[in-house]
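Structure first, then comments.
Throughout, a chain's letter reflects where its sequence line sits, starting with A, and its residues are numbered from 1. Values reported hereafter were calculated over all heavy atoms of this structure, with side chains retained and with hydrogens, waters and symmetry mates removed.
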Amino acid sequence: MLLSVSGLTHRYPGQSRNVLTGVGFDLARGDSVALTGESGSGKSTVLHFLAALDRPDQGRILFDGHDIVPLADKPAAALRRSRIALVFQQFNLVPALTVADNIALHAHLGQRFDPEWTQTLIRQLGLAELVTRYPEQISGGQQQRVAIARALALRPDLLLADEPTGNLDETASAEVLRLMFRLVAEAGSALFLVTHSQNIARQCARRLHLSGGTIRPVGS
Amino acid sequence: MILTLRVLLSHWRHAPLQLGLLILGLALATALWSAVQAINSEARASYSRAVEQLGTRDLPSLTAPDGDIPLATYVALRRAGWQVSPVLEGVWTPAKESLTLLGVDVLSYPGAALMAQTTPATGLDPLAVLRPPGTLYAHPDTLAHVLQDTGPRVMALQELPQGIVLTDLSVAERLLGTSGRLSRILILPDQPMGLLPLTQLVPELELSTTDDGALGDPQRLTQSFHLNLTAFGLLAFGVGLFIVQGSVTLSVEQRRGTIHTLRCLGVPVATLIQALLLELVLLALVAGVLGLVLGYIVAGFLLPDVNATLRGLYGAPVAGALSLRPGWVLSGLGMALAGTGLAGLQALLTLKHMATQLTQASQAVARRRAGLIWIWAIVGLLLIGLAGGMLWGGNGLVAGFVGLAGLMLGCALLLPPSLFWALTFWLRMTRRPVLRWLIADSRLQLPGLSLSLMALLLAIATNIGVGTMVSSFRLTFTGWIDQRLAADLYVEAAGPQQAQAILTWAEARGARSLPQYRWTTRSASAPLLLYGVVDDPLYRQNWPLLRSLPDAWDRLHSKGAVLINEQLAHRADLAPGDMLALGPDWSARIVGIYSDYGNPDGQAIAGITTLQQRAVPLTLRRIGLVPPDGETPEGLAAALRQDLALPASAILAKDRIRAASVAVFDRTFVVTAALNVLTLGVAGFAMLTSFLSQWSRRLPQLAPVWAMGVSRRQLAGLELLRSLGLALLTFVLALPLGLGLAWVLLTVINLEAFGWRLPMFLFPADWARLLGLTGAAAGIAALLPILRLLHIPPARLLGVFSNDR
């Protein structure tokens with residue numbers, strides 16, 4: 001099992017109720033899971049815990065058998081650098097770098113840069129014409145494709161996507177998701193997708209729903 | 001409009017640190033500027049008081065181009081009906097210190113009213129000043145220190161400048177050992193009608209509207225120093241404005257959302273601009289008042305050192321304490337308002353642009369601004385070209401300073417493009433991802449950091465330039481003083497008899513004597529101190545000649561030639577081979593020019609036999625002595641003290657004089673060093689405000705890199721590296737500018753200001769120290785953002801991913 005989450009409990013500072021109470025689920029290599037829920041239900045918080053960007057009050061997150069919850073900043077950063085990639089709703093590209101540099105950045109950081117694979121991603125995501133441009137010089141849909149290319153160029157063990165098409169129109173959203181699912185499969189990564197859209201969630205192998213701080217599986 | 005202003009002002013409630021930095025930046029800028037202005041206005045007021053109290057301000061005077069005026073000429077003018085007043089002026093040394101003795105006709109001298117004021121208090125008849133043994137008037141400090149038991153009665157006159165003794169003409173003649181000669185003839189304001197013109201009556205005399213004597217308006221003499229201080233103040237003010245500019249522009253950027261909302265609510269662009277202008281005026285007034293208070297305190301601290309400098313370089317001390325002048329307060333507030341307006345110009349343009357093009361991303365604006373960087377380069381190069389033209393083709397001190405300002409501003413404008421191109425080149429060369437990100441990110445941040453880096457460049461260059469000038473001067477000065485102090489001992493004689501006794505004693509003992517005979521005269525319409533020297537090989541070996549004819553010393557002693565100091569050569573445009581007029585029927589060939597630092601007046605050296613043949617009234621107070629073989633200077637000094645019963649203070653060893661001179665020199669430049677440090681401090685502060693200002697914009701750029709696995713500690717290290725790297729690059733570019741500045745100061749400004757040119761030396765150890773200081777300033781400036789980054793909660797970084805930018 002790539003990821004084994006159990007007993008995640010968390011409360012935001014200054015709030016009287018837990019946002020997460022004993023959340024648990026598993027994720028295997030090559031698997032894809034969608035987490036749905038209302039706004040403010042804690043979906044993004046779970047994703048941040050899985051990326052070791054933040055720490056829950058209680059619970060365990062075993063990544064490849066190692067608990068990543070107690071990790072200090074340095075080993076947590078090393079883990080993200082080499083094995084976990086993220087795609088955000090806001091794209092979060094580095095404005096100082098060109099499209100090409102943005103795509104290669106994470107793979108270079110994780111010392112897993114593969115020029116052929118990167119070229120494949122650029123070609124398949126239709127970014128070949130844009131590589132010399134800067135993020136603010138391309139559209140939102142194009143920026144999100146760059147963000148996906150950046151994440152997949154690492155060939156991560158785990159891809160975490162937080163509302164990856166939340167800022168895109170319907171057509172662009174469908175196109176980006178189609179490419180993302182195909183390339184995730186090609187890269188052999190596990191996908192954990194946070195979304196409030198049931199349509200998008202249905203494209204994943206499994207669906208989980210977060211409500212009232214607890215998680216339950218949806219459908220078969 | 002008021003409502004719009006209230007909405008705009010509400011921003012500062014959420015950014016108290018930024019507001020504090022903005023006000024402090026403007027206050028510091030105003031403080032340094034107003035401190036310098038306070039010092040200058042105090043000095044000018046002091047000079048004005050001195051000149052006014054002597055009653056000679058704006059009075060034209062007649063002088064002889066080749067020396068003294070015969071008393072008969074004065075008598076002829078009076079007989080022709082001219083209302084004139086005679087003045088005899090000379091250097092008088094009653095004790096160890098030399099004083100300027102001013103002999104006047106008490107009945108016609110405009111300042112004589114002062115003398116009359118004192119007599120009732122003392123119970124003396126006002127005419128007593130004319131009765132033997134005469135009366136000397138001087139400032140109480142001058143009386144206390146130097147005028148003891150000199151013969152004539154002495155009276156304190158608070159209004160007189162220090163170092164000046166005022167007396168009747170006959171008493172001055174007696175004390176100076178002259179007779180029937182005058183230095184100047186003052187033309188009094190009220191003249192009868194129908195007089196014969198002066199050009200017909202006294203064609204040999206020159207009419208001058210400015211007082212050129214030793215008592216000449218010190219404002220003229222010290223103009224260069226005050227201009228220098230003003231330049232420093234202006235530089236510090238400019239550096240401070242960079243802080244204001246950065247903070248105000250950032251505050252507008254930060255209020256993009258508010259401005260968007262206000263526009264959507266129907267607020268016109270003009271109202272927004274008016275509200276921002278009003279906000280700037282409020283900030284300027286608050287910071288201006290704070291700056292004035294700080295400036296007053298700084299001026300109070302610096303004034304004693306400025307006084308030391310003025311006394312050391314020009315002999316023009318500033319009397320009195322610092323006082324609060326309304327003009328100074330108004331000009332300080334005016335500068336704060338004008339400076340804020342200037343610094344806020346970009347913010348106003350940004351606001352106008354933002355209010356009309358609300359959808360444009362700030363990164364796009366930053367990149368477009370970075371793309372226009374070549375315009376900076378062109379303007380910078382144009383300014384440098386203009387500065388070069390000013391420095392080569394211009395004349396005078398103001399042209400020198402304008403050229404210098406152009407050079408510095410031009411180079412400052414070249415800094416951002418230079419850094420941009422250097423970073424672009426480095427980006428192409430490097431493959432390491434984190435480094436590539438750092439370089440690219442630094443390049444994108446350049447527009448935001450440019451002004452503070454320009455401020456840093458100016459501060460570093462000024463430090464290098466002024467430091468090189470002062471150190472070169474010091475090195476030259478110490479080498480020069482070693483040459484000038486050729487003898488091992490210097491003895492101060494109490495009078496002519498004692499001087500003669502010392503010479504006789506030295507000859508009997510086998511010691512070599514180097515007596516310094518002196519005579520104060522006039523040449524080229526200005527006072528001239530002429531030294532008479534004996535023919536001793538020590539002079540030939542040691543005396544520091546800058547330019548000379550062959551066999552200069554032989555011609556000096558055998559053919560009546562003279563050596564002149566650099567100041568006189570520059571002022572009167574004289575060169576070796578030219579003639580120097582020393583009297584109505586006496587001109588001497590100039591055979592050499594010697595360096596003579598720290599002396600504002602003209603000086604010449606002639607052979608003692610020439611002067612004795614001319615029967616000039618020589619005085620001898622100082623005698624240099626070289627012990628015979630086998631005797632130490634200490635032994636000779638002890639014997640001299642014992643045999644002639646001289647006080648210990650009358651004999652000075654070469655080393656003591658050297659140490660005292662170097663101490664005076666060092667004190668002279670204390671103010672410069674203080675201003676240097678303050679300017680670097682302001683530049684460091686500018687960097688701090690820039691980094692802090694950038695901080696809020698940095699999070700969206702740092703958070704994705706952190707999410708990709710670069711830890712906060714690494715990011716903090718990279719931020720430090722960026723700060724140090726930019727400071728280092730700025731230092732590298734500031735070094736040639738600083739050396740250029742030093743060259744201009746040494747060869748153009750010094751020559752115009754003081755009359756001497758100095759060789760330039762390089763001091764790499766000083767650069768290394770400055771590099772360390774620059775690194776420390778950059779490190780400290782980056783420290784606060786770094787600490788924030790190290791301790792930033794992950795939730796804050798995560799907010800970047802979930803909130804709308």
> Can a donor-acceptor pair be found between the side chains of A/Ser44 and A/Asp162 at a distance below 3.5 Å?
Replying inline: yes
> What option among A/Leu86, A/Asp101, A/Thr98, A/Ile84 has the most heavy-atom pairs under 4.5 Å with chain B?
Replying inline: A/Asp101
> Pick from A/Leu154, A/Leu105, A/Thr45, A/Leu53: which one has the most heavy-atom pairs with chain B under 4.5 Å?
Replying inline: A/Leu53
Would you tabulate the side-chain donor-acceptor contacts of residues 71-83 of chain A under 3.5 Å, counting partners in other chains and residues two or more places apart, or write 'none'?
{"residue": "A/Asp73", "atom": "OD2", "partner": "B/Arg712", "partner atom": "N", "Å": "3.0"}
{"residue": "A/Arg80", "atom": "NE", "partner": "B/Trp706", "partner atom": "O", "Å": "3.3"}
{"residue": "A/Arg80", "atom": "NE", "partner": "B/Ala707", "partner atom": "O", "Å": "3.2"}
{"residue": "A/Arg80", "atom": "NH1", "partner": "A/Ala51", "partner atom": "O", "Å": "3.3"}
{"residue": "A/Arg80", "atom": "NH1", "partner": "A/Ala52", "partner atom": "O", "Å": "2.9"}
{"residue": "A/Arg80", "atom": "NH2", "partner": "B/Trp706", "partner atom": "O", "Å": "3.1"}
{"residue": "A/Arg81", "atom": "NH1", "partner": "B/Gly709", "partner atom": "O", "Å": "2.6"}
{"residue": "A/Arg81", "atom": "NH1", "partner": "B/Gln714", "partner atom": "OE1", "Å": "3.4"}
{"residue": "A/Ser82", "atom": "OG", "partner": "A/Ala78", "partner atom": "O", "Å": "3.0"}
{"residue": "A/Arg83", "atom": "NE", "partner": "A/Asp157", "partner atom": "OD2", "Å": "2.5"}
{"residue": "A/Arg83", "atom": "NH1", "partner": "A/Asp64", "partner atom": "OD2", "Å": "3.3"}
{"residue": "A/Arg83", "atom": "NH2", "partner": "A/Asp64", "partner atom": "OD2", "Å": "2.4"}
{"residue": "A/Arg83", "atom": "NH2", "partner": "A/Asp157", "partner atom": "OD2", "Å": "3.1"}

Residues 420-429 of chain B side chain polar contacts: donor-acceptor under 3.5 Å, at least two apart:
{"residue": "B/Thr424", "atom": "OG1", "partner": "B/Phe420", "partner atom": "O", "Å": "2.7"}
{"residue": "B/Thr424", "atom": "OG1", "partner": "B/Arg443", "partner atom": "NH1", "Å": "3.1"}

>> Just verifying a value: how many Å separate B/Met708 CE and A/Asn102 CG, rounded to the nearest 0.5 Å?
In response: 7.0 Å
>> Going by the rule side-chain contact (heavy atoms from CB on, under 4.5 Å), which residues pair with A/Ser197 if we only count those two or more places apart in sequence or in a different chain?
In response: A/Thr195, A/Asn199, A/Ile200
> Which region of A/Arg55, side chain (C-beta onward) or backbone (N, CA, C, O), has a non-hydrogen atom less than 4.5 Å from a non-hydrogen atom of chain B, or is it both or neither?
Replying inline: neither
> Should the heavy atoms of other residues, nucleotides or ligands under 6.0 Å from NE2 of B/His11 be counted, would the total exceed 12?
Replying inline: yes
>> With a 6.0 Å cut-off (strictly less than), is the heavy-atom count around CZ of A/Arg60, excluding the residue itself, greater than 12?
In response: no
>> I need the contact set between residues 721-729 of chain B and chain A: heavy-atom distance under 4.5 Å, sorted by residue number.
In response: none
